[in-house]
Structure formats: structure tokens, C-alpha cells
K.L.:
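I have a structure I would like to understand better, so I am pasting it below and will then ask my questions one at a time.
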Amino acid sequence: MEWDWAFVREIMPTLLEGVKITILATILGSALAAVLGLGIALLRRSPNRIVSRTVGFLAEFIRGTPLLVQLYFIFYVLPDFGLLLPPLTAGVIGLGLHYGTYAAEVYRAGIDNVPRGQWEAAKACNLSAGQTWTHIILPQALPPMIPALANYFIAMFKETPLLSAITVLELMNQAKSVANTYYRYIEPITLVGAFFLVISLFSVVLLRWLERRYGKVER
Amino acid sequence: MAAPIIKIDAISKSFGAFKVLDGLSMQVMPGEKLALIGPSGSGKTTILRILMTLERIDGGHIEVEGEQLYHMQREGALVPASERHLTRMRQKIGMVFQLFNLFPHKCVLDNITLAPMLTKGMARAAAEKRAMELLDMVGLADKAKAMPAQLSGGQKQRVAIARALALSPKIMLFDEVTSALDPELVDEVLNVMRKLAAETDMTMLLVTHEMGFAHDFADRVLFFDRGKIVEEGKPDDIFRHPKQERTQSFLKKIIAAGHRV
């Protein structure tokens, strides 16, 4: 089989549509994971045992089951309970939920790395619990964890082809559909790999920059 | 005679199986400068931490300015204090730590203005004006925009003192504030504290291994061992003529270790 540049030109617009959806799903999924992760990390520290245990168990459960199964559950099983979600929404929720549990571990480590003296100084300054979190703890905990979070979001990006299983028209799904239409696989699938490689490499450069910028704190 | 500003009544505190304080009672008069000395693990730092509400007590009562610290009156009975009550009581007390604990992500000025603005609703301009006066007092007015990481240990500790003063506490707690400093930086911090003692009528409690400073600074010295006050009295009596055998052997060891008396 020969590489056909004319075919590449023909399918390129369709694949670019897929790239857009892939990037959109990654960005929305990352944003959701970042917020959910923080929520999970904070709730797991709740002095209320029932809250911290329940959230902890749910997070372990989500992390311990495959993303593909979760996506099927959200898209194909939830409608049986009356919740019918559009494919992209279901996909973003799946990615955000799954990676949110990983992000929560990053947050946990970042928060634990803030020395105990900072909590004590905040208390001696008579700050409330909320003020201590927003003005003292999180501003110190967040910057060092940005590289680790970004790492997970790059991993998430490379897992977005799973969304094709729930009919999201992301890059892999678009490539499959053109391939199935023309019975030519070499160009679409190679291009999918190339797109992922280029975007990943670009992201790694960004990650290195983030590490230099935020990786270490001065004390 | 005036009423004591701090009244500690039979408090106890354990860390796991280790009983740090066992039925300790003591009183502090308004404006008094108190030095707490003794071997490590004797409970002196724990007392400061309990007064700052960084540790809870297992039993007993503490009154600050005639009000219960860890309890409050409700329908005629004493009940455990609410977070709101603790917040109100904490306004009376400030603390300076051994390891400074400055907020590393905020410049010197913001370290000092943060709490007055957040907890007292002070306007930025007023908070900054007060902060500059305090920085001037500790001799660091030119470092207002510096980040903590750019300061020496002595400078950090002077900023930490200014930060605690910014909330105008009635009682200041100093927990081994020179222990983490290089020897040549100790005096700049002690000088600030001398100035503070001379210029204000704040009540000051000081845990220290600087016996010479404790001698000059304190109105009263308390020697602690195993969670109990073994001996207390005027600095001259404790340092020159200790009566208890344990006090004598502690002071001997401290002098042998090269601390100035």
C-alpha cells in the first residue's frame, strides 16, 4: 500500500475537526479535574469523619476502575436513571472525574508540604480557617504542584481516544470513520499518531517551562 | 493589687502517653515580663502554645483578662469554647516563633498588614502606615518590599515581631526566638525585645536559653522541670542563689554548654 498525499489533503479538514474536539475535551476535562481534585482533597481533610471517609472511598473507587468503564457508565447506563448526557459532556465529566481523583493526590501532597509553622502563624495572626486556606496555604501549595498537574493533563490528552467509544467525534473517531468509509487506514491512523505526537511534544516544552517557573519555592 | 492578666489553674496536657503538664498553676500580672527556663521537654514551650491555642488542654482552666480561654459561660455553666470565642480571645495574644514562620509568598510589608486588614477590617493605607512604624521600630523600614527569603535570620525574626505587634496584643509570647539564629544575629533581635519591654507595658512571656538576657529582661524567672515549676523568683535569686538542687544543676549544665549568664 502506498502513501497517498491527495487522500491526506482530502481527509485533513475532517481530522482537524477531530483535533479541535480532542483539545476542547482535554481543556474542559483538565479544568474540571483541577476543581474536583481540590474539592476532593479538601473534603478528605474534613474533621467530619463521615465526610472524609465517604469522599476517600469514592475517590479510591473511581481511581481503581478503568476510565473506559466509567465512560460507558456515564453515557450508556445513566440514561436508564433518567440522566441523558450529550457525548462530549459525558466525556468531559468522565475525564474530569477520573483525573480529578489523581489531581486530588497531587493537591494532598502539595498541601502536606506546607510546613506546620505556616498554619500556626496563621492561627497566631488570628486568621479564620477560610482566610488561612485562601491567603496562606493554597498560595504556597499550588505553584509547586502545577508541573505535576500538567503532567496528568498531558496523560489525559493521550487518553481522549477512549471518548470515541461513547461517540464523541474527537480525532480518533473521525479518523476511524474516514478509514471505514474509504477502506484506507494508513493515512488517517498515521495522522492521528502524528497529531498526538506534535501536541504532546509541544506540551512537554510547556511543562518544562512550568517546572522552571513554579517548581521550587523560596523560603 | 491588680488582678492577674493570665491565671492558669491546674492544667494538664499529654502527648500520647507522655504527660507534659500535670496540674500546673501559675499567674501573670499585667505588664509583667516573665522568663520560662528549664530543660527541653519540661513543658515551658507547651505553655506558650496552649496560651496561643495551638494545643488544647486536657484538663484545668485558663483565664485571660478575667475571661475563660478554653471555656465560656452558657446558661450558668462552663462549656467548651466555640471557635468564635477562641477568635475573640486570640486577639489579646500574639506569638513569635523559633522558626519565624513568615509567609514566604508575601513581601515584608504584606506579612505585617495581612492580619490587621483581614481580622480587624483595617484599611490598606492605615495598615501600611502602622506597619511602616513597626518596621521602623525594629530597624527594617528599608526592607518593606523585600521577600522573606532575601532576609537574614535576625531580620526575619524582627519582621515576625513586627507582624505580631501589628495586631496590638496585650500579651506577647516569645518561643525560643533566638535559638535558630547564628550567634552574631542574636543581639539584633534581643535589642528589639529590650526596646519593646522599655517602651510598652505589654505582658511578655519568654521561653529562652539565653540566660543572660533572661536575667536582664525578666521581672520574674520560672524554672520548669518535668511539667512543674521547681523554683521561681527574681532573676538575681534564681541565677545567683538558686535554692533547689535541680535548678543549680541545670544552670551549671547551661553555663558549661557555653551559654552566657
Side-chain angles (χ1 to χ4, degrees), chain A residues 34 37-38 41-43 45-52 106-150 209-219, chain B residues 45 48-49 51-56 83-84 86-107 110-121 146-151 153 156 159-169 171-175 180:
Chain A
L38 183 59
L42 292 182
L43 286 175
R45 300 177 74 95
S46 163
N48 183 333
R49 280 278 181 83
I50 299 171
V51 172
S52 61
V106 177
Y107 282 112
R108 187 186 57 76
I111 291 165
D112 286 350
N113 269 338
V114 177
R116 198 178 58 151
Q118 292 293 310
W119 294 90
E120 295 184 344
K123 201 168 221 185
C125 286
N126 214 1
L127 303 187
S128 68
Q131 289 166 342
T132 302
W133 278 110
T134 53
H135 292 274
I136 308 302
I137 304 304
L138 291 180
Q140 293 183 61
L142 291 179
M145 57 174 100
I146 286 174
L149 284 179
W209 181 80
L210 286 173
E211 271 169 3
R212 274 199 305 278
R213 176 82 176 70
Y214 295 108
K216 50 181 179 285
V217 241
E218 285 186 81
R219 289 203 184 278
Chain B
T45 286
L48 297 197
R49 293 175 58 80
L51 285 170
M52 194 67 256
T53 71
L54 300 176
E55 311 279 357
R56 296 301 168 96
E83 190 51 44
R84 203 164 147 195
L86 288 173
T87 301
R88 197 167 56 78
M89 294 302 286
R90 274 197 289 262
Q91 289 176 8
K92 303 170 191 285
I93 305 168
M95 184 161 180
V96 183
F97 299 88
Q98 180 177 0
L99 295 174
F100 333 123
N101 297 347
L102 293 182
F103 304 131
H105 58 301
K106 294 194 178 290
C107 73
D110 290 347
N111 259 278
I112 302 172
T113 57
L114 181 75
M117 286 168 62
L118 287 179
T119 67
K120 297 194 159 179
M147 297 304 282
Q150 298 167 311
L151 303 180
K156 281 183 195 164
V159 173
I161 292 173
R163 180 176 69 179
L165 291 173
L167 288 163
S168 315
I171 301 163
M172 279 278 275
L173 311 171
F174 296 91
D175 184 17

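Convention: sequence-line order gives letters A, B, ...; per-chain numbering from 1. Predicted, not measured: the structure shown is a model, and the values here were computed from it.
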K.L.:
Minimum heavy-atom separation for Leu114(B) to Leu127(A), with atom names?
P.N.:
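Of all heavy-atom pairs spanning Leu114(B) and Leu127(A), the closest is CD2-CD1, 4.1 Å.
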K.L.:
Considering non-hydrogen atoms only, spot the tightest contact between Ala124(A) and Met52(B) and give its length.
P.N.:
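Minimum heavy-atom separation between Ala124(A) and Met52(B): CA-CE, 3.6 Å.
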K.L.:
Looking only at heavy atoms, which two atoms of Phe97(B) and Ala121(A) are closest? And how far apart?
P.N.:
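So the two residues come closest at CE1-CA, 3.8 Å.
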K.L.:
Only one of Arg88(B), Lys120(B), Met89(B), Gln91(B) clears side chain to side chain contact (heavy atoms under 4.5 Å, CB included) with Asn126(A); which?
P.N.:
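Single side chain to side chain contact (heavy atoms under 4.5 Å, CB included) partner of Asn126(A) among Arg88(B), Lys120(B), Met89(B), Gln91(B): Gln91(B).
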K.L.:
Counting distance only, does the side-chain N/O of His135(A) pair as donor-acceptor with the main-chain N or O of Ala115(B) below 3.5 Å?
P.N.:
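No; judged by distance alone, with no hydrogens or angles, the pair does not exist.
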K.L.:
Mind ranking Val96(B), Thr53(B), Leu173(B), Leu99(B) by heavy-atom pairs under 4.5 Å with chain A and telling me who comes out on top?
P.N.:
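The answer is Thr53(B).
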K.L.:
Need one label for Gln131(A): side chain, backbone, both or neither, based on atoms under 4.5 Å from any heavy atom in chain B.
P.N.:
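Side chain only.
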K.L.:
With only heavy atoms counted, which part of Ile93(B) is less than 4.5 Å from chain A, the side chain, the backbone, both or neither?
P.N.:
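Just its backbone gets close to chain A.
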K.L.:
Of the backbone (N, CA, C, O) and the side chain (C-beta and beyond), which part of Leu118(B) lies under 4.5 Å from a heavy atom of chain A, both, or neither?
P.N.:
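Both parts, heavy atoms under 4.5 Å.
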K.L.:
NZ of Lys123(A) to CZ of Arg90(B): how many Å apart, nearest 0.5 Å?
P.N.:
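One gets 5.5 Å once the value is rounded to the nearest 0.5 Å.
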K.L.:
Would you mind checking which part of Lys106(B) comes under 4.5 Å of any heavy atom in chain A, side chain (CB onward), backbone (N, CA, C, O), both or neither?
P.N.:
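Just its side chain gets close to chain A.
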K.L.:
Just jot down the salt bridge (charged side-chain N to carboxylate O under 4.0 Å, His left out) partners of Arg163(B), sequence neighbours excluded, or say none.
P.N.:
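For Arg163(B), no residue satisfies salt bridge (charged side-chain N to carboxylate O under 4.0 Å, His left out) once neighbours in sequence are set aside.
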